[in-house]
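Report on the structure given below.
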There are 2 protein chains.
Amino acid sequence: MQTHKKSISEITSSLRDKGMKMTQQRRVILDVLRSTKQHPSAEWIYNQVRKIIPNVSLGTVYRNLNTLQQEGLVLEMNYGKGQSRYDGTVEPHYHVRCIQCGRIDDVEFDTYDHLHDQVESRTGFSISEHRLEFSGICPDCTKSV
Amino acid sequence: MQTHKKSISEITSSLRDKGMKMTQQRRVILDVLRSTKQHPSAEWIYNQVRKIIPNVSLGTVYRNLNTLQQEGLVLEMNYGKGQSRYDGTVEPHYHVRCIQCGRIDDVEFDTYDHLHDQVESRTGFSISEHRLEFSGICPDCTKSV
DNA sequence: CTACGTGCAAACTTTTTGCTCATGG
DNA sequence: CCATGAGCAAAAAGTTTGCACGTAG
């Protein structure tokens, strides 16, 4: 794991090439998300960003998370009916989620990209990615039962 | 695949053992979901059920899908921010999803349950299940580009 | 009979959007 | 400068829930 992440200035210029701006809000949202090992919700990110830009709006957080996702800089994950969770690590990796407290950790694992060919020939789909997610009870929740 | 599904009467009596009733609505919702190879949304199920029970309510569909899910008779899947999708096949299997039209097919594949031990020792979680989902473009959408 | 389930509509949660103003490049 | 983005608040989308009535067992 621990692959090389694009620097903010690299990102800034690739955004500029598409006529997009690196605003203060966008930069801080990305910074916040990249600097946590949690896989937070939009609201958690919003609260962190507010510590730096007190009058940022939740709408801005959502708009930017969507933009960043389209640019391939952020991943969105949905579980159950609650809030989406976001991940600032876009390099392929897998997740394990606690069905009790919602905690999501990364799993250090070789990825199974070679399965794409098998899936393509069996389904006729042209596969671009896959997600593998384990669920169970985390160590903390195991203790506290 | 094509594993044995519990019959409605088996389900009825196992529900009864828990003090739950097999209502007409519950039975039809389960029938509709089990008899499609699609992986439909609650609203699609609702519309199908209405053909048989015209005044069924969407709330009832949701309530029953949640109940059936808790009983392990139905799976719920979330993708992006739209509606949840439901699956009447609870035997372990994987999915492939079209990022263009939203179609979801099953993938015939041996399952990777042996990974659970590896994940447990690496993360300390106690794993109960995993999901593997491929995404890409389906044959129909490939044609129509 | 009677507890569990339903229909209906209102409420709730999460996310998106229209509009006007601000700002990065 | 001026097109892209932000802030605000209202709306949309999806799901849940309270209540009075219905029905499976």
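Note that this is a predicted model, so its numbers are computed, not measured. Hydrogens, waters and symmetry mates play no part in the numbers below; they use all other heavy atoms, side chains included.
Considering only heavy atoms from C-beta on, B:Met20 comes within 4.5 Å of B:Arg26 through its side chain. With contacts defined as side-chain heavy-atom distances shorter than 4.5 Å, the pair A:Tyr94/A:Tyr112 qualifies. In this structure, A:Leu132 and B:Leu115 have side chains that are in contact, with non-hydrogen atoms separated by less than 4.5 Å.
Using a 4.0 Å heavy-atom criterion, one finds that A:Ser84 contacts the sugar-phosphate atoms exclusively.
If you check residues 14-33 of chain A against DNA chain C, the residues with a heavy atom closer than 4.0 Å are A:Arg16, A:Lys21, A:Met22, listed by number.
The backbone N or O of B:Leu33 lies less than 3.5 Å from no partner atom in the side chain of B:Thr36, so there is not a single donor-acceptor pair.
Scanning for side chain to side chain donor-acceptor pair (under 3.5 Å) contacts around B:Gln25 gives an empty result, with sequence neighbours left out. The side chain to side chain donor-acceptor pair (under 3.5 Å) check on A:Arg131 picks up A:Glu129, with sequence neighbours excluded. Checked against side chain to side chain donor-acceptor pair (under 3.5 Å), A:Asn47 has the following partners two or more places apart in sequence or in another chain: A:Arg50. The side chain to side chain donor-acceptor pair (under 3.5 Å) test applied to B:Lys81 returns A:Asn66, A:Glu76, not counting sequence neighbours.
Taking every nucleotide of DNA chain D with any atom under 4.0 Å from a non-hydrogen atom of chain B, the first and last of them, 5' to 3', are D:dG14 to D:dG25.
For C:dT6, one of the phosphate oxygens OP1 or OP2 lies less than 4.0 angstrom from a side-chain nitrogen or oxygen of B:Asn64. At the phosphate of C:dT16, OP1 or OP2 sits under 4.0 Å from a side-chain N or O atom of A:Asn66.
Look at CG on A:Leu65: it is 13 Å from C1' on C:dT14, rounded to the nearest Å. Distance B:Arg50 CZ to C:dC8 P: 10 Å, rounded to the nearest Å. Following rounding to the nearest Å, B:Asn55 (CG) and C:dT6 (P) show an atom-to-atom distance of 12 Å. Nucleotide C:dT16 holds its P atom 14 Å from the CD atom of A:Glu43, rounded to whole Å. Regarding A:Glu76, its CD atom lies at a distance of 14 Å from the P atom of C:dT14, rounded to whole Å.
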_Could you walk me through whether A:His95 and A:Asp106 satisfy the side chain to side chain donor-acceptor pair (under 3.5 Å) test, starting with their C-alpha distance in whole Å, then the side-chain angles of each, then the deciding distance to 0.1 Å, before giving a yes or no?_
CA-CA 5 Å; A:His95 291 128; A:Asp106 291 336; 3.2 Å; yes
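In this structure, B:Lys81 and B:Gly59 both approach DNA chain D, and ranking their closest nucleotides by distance from the 5' end singles out B:Lys81. Along DNA chain D, the nucleotide nearest to A:Ser57 and the one nearest to B:Asn78 differ in position, and the one closer to the 5' end is contacted by A:Ser57. The nearest heavy atom of DNA chain C to A:Thr60 and to B:Thr60 marks one nucleotide each, and the one closer to the 5' end goes with B:Thr60.
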